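Inspection log for the structure reproduced underneath, given as C-alpha cells.
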Amino acid sequence: MPVERPTFSESWYRVANLRPRLRSTVQVHRQHFRGQMWHVLQDPGSNQFFRLNEPAYHFVAMLDGERTVAEVWRACNEQLGDSAPTQGEAIQLLGQLYTSNLLQAELPPDAEGLFRRYRKRRKREVQGYMTNLLFIRIPLIDPDRFLERWVGIVGWIYSWVGFAIWLAFIATGLYFVVGNWGALADQSNRVLDPENLPLLYISFVVVKAFHEFSHAFACKRFGKKSGTGGEVHVMGIMFLVFMPLPYVDASSAWAFRSRRHRVVVGAAGMLVELAIASIATVIWTFTSEGTVHSLAYNAMFIASVSTLLFNGNPLLRFDGYYILSDLIEIPNLSERSKQYIYYLVKKYAWGVRQARNPAHSPGEKAWFAFYGVASTAYRVFICIRILLFLGDRLPRQFFVFAAALGLTAAVGWVGVPLYKFVRYLFTNSELMRVRGRAMVTTFVVVAALVTGIFGGALVSLTERGEEAGKLPPKCTDECCAPQGPRNRLAHVFRYGFVTLPRDIGKPLVVGVVLAGVITAAVPKDIASAVGTGIVGMAVMMVVGVPLYVCATASVPIAAALIAKGVSPGAALVFLMTGPATNAATITVIWKVMGRK
C-alpha cells in the first residue's frame, strides 16, 4: 500500500460496527471516463449528485443494512486488493454520503460525532455560498412542466438539422461583421455611456434568459431521449456582482451516459447566444441610429464577445469549463487541479510525508498542473482587466462603482482565501512536523511577491520630471506612469499584471523547461560531483560564467539544482554569475564601455 494512502485509521472503531445502506430512493447511473467505470448516485428529491469510482461504488453497493462496515471493508480488500478504499477513505465516503442524505443508518454517539464534522463543513460551504456578495442565487419557480409541454416543439433545435441552421445563422452574421468591422469597433467605445447603460442591461437580461432556457430545453430533450428524465426543477434570479440575472439548474445532465449529450447541454446556452448575435448583427446593419439600433448592438456585443470571453472560456467555471471536463473525461477538474497544486507544495516545498495525490494517471497530472496554474493566472488577469476596463470606460461619476467592485472582489477572492490559508498554516494537524518549514517557505514567497508589487507601485507613483521647472518629455512607453491618481493606480495594476508578465513570460518558460530537463536528466548524486563548500561554489561559478541565462530563467534552474542536492550557497553563486557576469554580458559591456 503506498505511503500516500495509509491503510488504517484511528477513528475506524467509530464506524466499524455500523450497518448502513443507500436510501431506497437513490438512483444509480453508470458513466465511462478515461476507460474507467464511474457511478453517479442521484437523489431525485433534492436533485443532488455524487460520483463514485468503481472501488468506492463496490464498497457502497455492499452496504445492505445487515453487514457491518468492517465486514464490507474486509470483503472489499479480499476482492479488490490495493485498489480497495482505505479505512480513512471509507470514513470520508460514509460521511459525505450521510451529509448528502444518500445513506440511511442508525448512528451511535461516536459515529454521529464523527459525521457531524462533515455536516459542519457542508454548512460552512453553504453559508459561504449564500454570503458571497458576488454570486447569490435565489430560486423562484419550477419550470419542469413548462419544459415538458414545449420540448417537443423546441427540442429539434438540438438535432443535426438545428445545427445546420445554426451554422447558416453564424455564417450570415460573420458576413455582416466583416463588412462593417470599422463601424462596430467605433461603437464599442460608447457601450458604457450613461445613456446606453439601461439598454445594455435590458439586452443582457433578455440574452441570458434565452441562454438559460436553452440549457433547460437541451437537458429535457436529451433526458427524455436517454431515459434519465432530464428534470429541471429550479429557475430563479442570480445576483452577479449585485446585478440580477436569470439562472436555471440543469445539473441533472450529469447523469447522462452519453458524453455528447452532456457537452451539447453545456454548450446550448452559448449556441443560442451566438445565433442571437448573428440576428442582432443583421438588424443593426439595416437600422439607423436609435433605440432599436442600440439594442441590436448591445445584444450582439453581449451574445458574442462576453459569451466567448467568459462562458466559452474553460479557465473560468462557466459553460466552457464543464464542456472541457466532459471532453477530457476528468470530473471535478478545477477542484482536483487545486488539490494537485496543494499536493505538490505540501510534498516538495513543505516536506509533508503523507500528502495525498489526487491524480490517478500521468495524463491527469499534466492536466491538473496546467489547469491549476493557468486558471488561477487567468482569473487574476481577467479580474484586473475588467477593473481597468471599467476604470477607463466608465464616466467619472461612476468611478466609485469600479472602486467598490474592486474592493468587494479583493475581499472575496483574496482576503477570504488568504484568511483560510493562514488558519490552515497555523492550526492544521497535517503540518505538525513541518510547520516551521512551511511557514518559512511561505513567508519567502509572499515577501517576494509583496516586495515586487509594492516596489513597482512606489516607483510608479513617485515618478517625477527630470528637472524641476521643466516640462518632462512626453513618454509613450507602457512603463511610463500616466498623470493623475486614478490613472496612476490603473497603471500600477496594468504594469504589474499585464506588461511585466508579458516581458518575463518567455524567459520564465525557458527556465522552467530547463529546470525540468535538469530534474529529469541530472542524477541524484550530482552534489558529490559538484562538491561542497568553496569547491562547489567555484564549480558553479565556472558553469555560470559561460552560460548565457537571464535573471528570470536562472531562478527555476537554481531551484532544480537545489532539489538535486546542490548546496544553496553554490546555487546562489550560479544566480549571481549566470545573469550578471556571463561571457556574453561581459563582452557587450567591454564593447560599449571599452577596456577602462
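Note that the coordinates shown come from a computational prediction; the quantities given were computed from them, not determined experimentally. Sequence positions, counted from 1, serve as the residue numbers for this chain.
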Practice task
Evaluate side-chain contact (heavy atoms from CB on, under 4.5 Å) for Phe50 paired with Gln96, printing each intermediate quantity in order.
Solution key: CA-CA 9 Å; Phe50 199 86; Gln96 291 172 339; 3.3 Å; yes
Exercise for the section: Indicate yes or no: at least one non-hydrogen side-chain atom of Tyr297 is less than 4.5 angstrom from one of Ser203. Expected result: no
Practice task
Drop me the distance from Arg262's CZ to Leu327's CG, to the nearest 0.5 angstrom.
Solution key: 9.5 Å
Practice task
Tell me yes or no: between the side chains of Trp254 and Gln31, is some donor less than 3.5 Å from an acceptor?
Solution key: no
Completion exercise
dist Phe301:CZ -> Asn196:CG (nearest 0.5 Å) comes out at 10.0 Å
Handout entry: Heavy-atom neighbours of Tyr424 OH exceed 12 at 6.0 Å
Key = yes
Practice task
Please examine the side chains of Val265 and Tyr322, heavy atoms only from C-beta on, and report whether any two atoms are closer than 4.5 Å.
Solution key: no
Listing, residues 367-377 side-chain donor-acceptor contacts under 3.5 Å, not counting sequence neighbours, or none:
| unit_1 | atom_1 | unit_2 | atom_2 | d |
| --- | --- | --- | --- | --- |
| Tyr371 | OH | Pro314 | O | 2.6 |
| Ser375 | OG | Tyr371 | O | 2.6 |
| Thr376 | OG1 | Gly372 | O | 2.9 |

Exercise for the section: Identify, with sequence neighbours excluded, every residue that meets side chain to side chain donor-acceptor pair (under 3.5 Å) alongside Asp142. Expected result: His233
Exercise for the section: Using salt bridge (Lys or Arg N to Asp or Glu O under 4.0 Å) as the criterion, list what pairs up with Glu273, not counting sequence neighbours. Expected result: Lys208
Practice task
Answer yes or no: is there a donor N or O on one side and an acceptor on the other, between the side chain of Tyr321 and the main chain of Leu333, under 3.5 Å?
Solution key: yes
Completion exercise
Residues at least two apart in sequence or cross-chain that pass side chain to side chain donor-acceptor pair (under 3.5 Å) with Arg51, listed by chain then number, are none
Exercise for the section: Evaluate side-chain contact (heavy atoms from CB on, under 4.5 Å) for Thr291 paired with Leu199, printing each intermediate quantity in order. Expected result: CA-CA 8 Å; Thr291 303; Leu199 299 178; 4.1 Å; yes
Practice task
Find out whether Ile157 and Phe217 are in side-chain contact, i.e. whether some heavy atom of one side chain is under 4.5 Å from a heavy atom of the other.
Solution key: no
Practice task
Tell me, please, which residues at least two apart from Glu329 pass side chain to side chain contact (heavy atoms under 4.5 Å, CB included).
Solution key: Phe33, Arg34, Arg259
Problem - Partner set under side chain to side chain contact (heavy atoms under 4.5 Å, CB included) for Val272, not counting sequence neighbours - result: Phe210, Ser214, Ile276
Completion exercise
Applying side chain to side chain donor-acceptor pair (under 3.5 Å) to Glu148 and not counting sequence neighbours gives Lys220, Lys224
Practice task
Carefully, step by step, assess Thr287 and Ile283 under the rule side-chain contact (heavy atoms from CB on, under 4.5 Å).
Solution key: CA-CA 6 Å; Thr287 55; Ile283 296 174; 4.1 Å; yes
Completion exercise
Hits for side chain to side chain contact (heavy atoms under 4.5 Å, CB included) against Glu289, two or more places apart or cross-chain, chain-then-number order -> Arg190, His293
Please tabulate, one pair per line, all N/O donor-acceptor pairs under 3.5 Å involving side-chain atoms of residues 303-311, not counting sequence neighbours.
| unit_1 | atom_1 | unit_2 | atom_2 | d |
| --- | --- | --- | --- | --- |
| Ser304 | OG | Met300 | O | 2.4 |
| Ser306 | OG | Ile302 | O | 2.2 |

Practice task
Provide the closest heavy-atom pair for Ser252 versus Gly230 in the form atom of the first, atom of the second, distance.
Solution key: OG-C, 3.5 Å
Exercise for the section: Under the salt bridge (Lys or Arg N to Asp or Glu O under 4.0 Å) rule, collect the residues that match up with Asp319, sequence neighbours excluded. Expected result: none
Practice task
Measure the CG-CD1 distance between Leu140 and Ile138 for me, rounded to the nearest 0.5 Å.
Solution key: 7.0 Å
Practice task
Hey, could you give me the CD1/OG distance between Ile330 and Ser337, rounded to the nearest 0.5 Å?
Solution key: 7.5 Å
Practice task
Measure from the side-chain N and O atoms of Ser278 to the backbone N and O of Leu274, and report whether any donor-acceptor pair falls under 3.5 Å.
Solution key: yes
Problem - Heavy-atom side-chain contact between Phe222 and Ser258 under 4.5 Å - result: no
Handout entry: Euclidean distance, Leu295 CG relative to Asn298 CG, rounded to 0.5 Å
Key = 6.5 Å
Practice task
Without swapping roles, check the side chain of His39 against the backbone of His29 for a donor-acceptor pair under 3.5 Å.
Solution key: no
Fill in the blank from the handout: side chain to side chain contact (heavy atoms under 4.5 Å, CB included) filter on His360, not counting sequence neighbours, yields Arg336, Glu364
Exercise for the section: Locate the shortest heavy-atom distance separating Thr442 from Phe421; write the atom from each residue and the value. Expected result: CG2-CE2, 3.5 Å
Fill in the blank from the handout: Scanning both residues in full, the closest heavy-atom pair of Ala216 with Val232 reads O-CG2, 4.1 Å
Problem - Interatomic spacing from CD in Glu335 to CD in Gln339 - rounded to 0.5 Å - result: 5.0 Å
Problem - Any donor-acceptor pair under 3.5 Å from Ser226 side chain to Phe256 backbone - result: no
Handout entry: Asn313 and Tyr378, any side-chain heavy atoms less than 4.5 Å apart
Key = yes
Handout entry: No-hydrogen, no-angle side-chain donor-acceptor test under 3.5 Å, Asn357 and Tyr340
Key = no
Identify every side-chain donor-acceptor pair in residues 162-185 under 3.5 Å, counting partners at least two apart or on other chains, and give the distances.
| unit_1 | atom_1 | unit_2 | atom_2 | d |
| --- | --- | --- | --- | --- |
| Trp166 | NE1 | Leu271 | O | 2.7 |
| Thr172 | OG1 | Ala168 | O | 2.9 |
| Asn180 | ND2 | Phe176 | O | 2.8 |

Practice task
Please answer whether the main-chain N or O of Arg221 pairs with a side-chain N or O of Tyr158 as donor and acceptor at a distance below 3.5 Å.
Solution key: no
